[in-house]
Amino acid sequence: MPSKDDSATRAGIAVFASYVIWGVMPVYWKAMQSVDSRVILGHRIVWSVLFTLGLLAVTGKLGATLRRVRTDGRTLLLLTASGATVALNWFLYIYAVNHGHILQTSLGYFINPLVSVGFGVVFFNEKLRRAQVVAIALAACGVLVEVVALGELPLMSLGIAFSFGLYGVFKKKIKIDATAGLFVETIVILLPAVAWLLYCQFTGISRFPYSASVSGLLIGTGVMTSVPLILFAWGAQKINLTTVGLIQYASPILSFVVAVLVYGEPLSPVKLLSFGFIWIAIALYTVETLLYTRRARSSATGY
């Protein structure tokens, strides 16, 4: 029987692997750049439904999942809302990547943890500590830099950060297995996705099947969507939230590296200054969280 330390180590590896997959995901979407982003989103929903349906059937959880949503109207309503929210997040992310704005996605996911802290105050009456207030203010300064210098909000980054933050709010209110949750979230938006794909097929926006490689990548979106989510859900249950909070920055860091070094997206002084404010905010938030957790643990143990 594995020890508690071994279990925590495997869980940490699973969570890290999920964020690595999310971090390099732009490479996957870029490989389908010839396909309309809205078509990719439709395929992602359809193949995610089929993949999670297969997983639930194999693991014997399909019946229990269907009974749960038939008898629990609140859960179904929340999963419908979370499905619509994550679909918006997916579209913004795919659109940004395939239109040369991977840095915008990176900025969005750097901002996201601080947005989640703010949502915790709004939706769950959580109290902000002083350092968290300062971190959020610094992040706001990072956004303000782009507003002043470019005369416009970084809407793509903010859209990604707030949609994923809101998705987290819905998920916090729902107690359901990760695979079952994703299955229901995607099946409630399946009909609009199928209708949209049929419209695209008949109007020439989509010409599925594409080449063997592109068609294979489209089909694989179900796996690419589900696997990191399942790894994350399994691992996050077994390690503390502080560790998860530190690991999550692997994703936007990798996306940043991919954007600049692989695809050569320009890192202007304005963009660098904006990122600088966000990075300082994250550093402050992370250090304060670690110190707070250590103090709380010491108080609980008396050491």
Side-chain angles (χ1 to χ4, degrees), residues 21-55 79-109 152-164 166-167 170 181-229 251 255 258-259 262-266:
I21 294 170
W22 283 325
V24 299
M25 193 84 77
V27 177
Y28 193 85
W29 304 124
K30 275 284 191 183
M32 296 180 282
Q33 197 168 8
S34 59
V35 182
D36 188 289
S37 301
R38 298 165 297 176
V39 173
I40 297 175
L41 175 63
H43 277 278
R44 188 176 188 179
I45 292 167
V46 170
W47 298 112
S48 293
V49 168
L50 294 175
F51 183 73
T52 51
L53 174 63
L55 282 179
L79 285 170
T80 301
S82 64
T85 305
V86 79
L88 173 62
N89 179 267
W90 289 349
F91 171 71
L92 291 173
Y93 185 81
I94 295 167
Y95 181 89
V97 168
N98 284 354
H99 286 78
H101 302 298
I102 300 175
L103 281 175
Q104 289 272 21
T105 71
S106 176
L107 182 63
Y109 284 117
E152 59 184 25
L153 281 168
L155 292 176
M156 197 68 67
S157 299
L158 292 175
I160 286 170
F162 277 85
S163 60
F164 199 71
L166 191 57
Y167 178 67
F170 289 127
L182 180 61
F183 171 68
V184 178
E185 286 168 349
T186 48
I187 205 168
V188 295
I189 53 176
L190 177 63
L191 284 179
V194 171
W196 169 248
L197 288 177
L198 289 174
Y199 170 80
C200 290
Q201 195 73 17
F202 286 118
T203 57
I205 299 173
S206 172
R207 291 182 174 83
F208 187 81
Y210 297 90
S211 66
S213 60
V214 172
S215 295
L217 288 170
L218 283 170
I219 294 170
T221 56
V223 177
M224 291 298 290
T225 297
S226 305
V227 168
L229 180 66
S251 176
S255 294
V258 167
V262 177
Y263 295 111
E265 287 193 18

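Using bins of under 30°, 30° to 60° and over 60° for the plane-to-plane angle, the ring pair Tyr95/Phe91 lands in the tilted bin.
Put simply, the side chain of Thr85 never gets that close to the backbone of Ser163: no donor and acceptor are under 3.5 Å apart. Of the possible polar contacts, none joining the Ser106 side chain to the Leu103 backbone as a donor-acceptor pair under 3.5 Å is found. A distance-only check finds a donor-acceptor pair linking the side chain of Thr221 to the backbone of Leu218 [under 3.5 Å].
Applying the side chain to side chain contact (heavy atoms under 4.5 Å, CB included) rule to Ile94 yields the partners Trp29, Ser37, Ile40, Arg44, Asn98; only residues at least two apart in sequence or on another chain are considered. Residues passing the side chain to side chain donor-acceptor pair (under 3.5 Å) test with Ser34, sequence neighbours excluded: none. For Tyr167, the side chain to side chain donor-acceptor pair (under 3.5 Å) partners at least two apart in sequence or on another chain are Glu185. Under the rule for a side chain to side chain contact (heavy atoms under 4.5 Å, CB included), the partners of Tyr199 that lie at least two apart in sequence or sit in another chain are Trp196, Thr203, Ile205. Applying the side chain to side chain contact (heavy atoms under 4.5 Å, CB included) test to Leu153 and every residue at least two apart in sequence or in another chain returns Val143, Val147, Leu155, Leu158. With sequence neighbours excluded, the residues that form a side chain to side chain donor-acceptor pair (under 3.5 Å) with Tyr109 are Asn89.
Here the closest non-hydrogen pair linking Pro154 and Gln104 is CB-OE1, 3.9 Å.
Checking each of Val223, Leu190, Thr186 against Ser48 for a side-chain contact (heavy atoms from CB on, under 4.5 Å) leaves exactly one that passes, namely Thr186.
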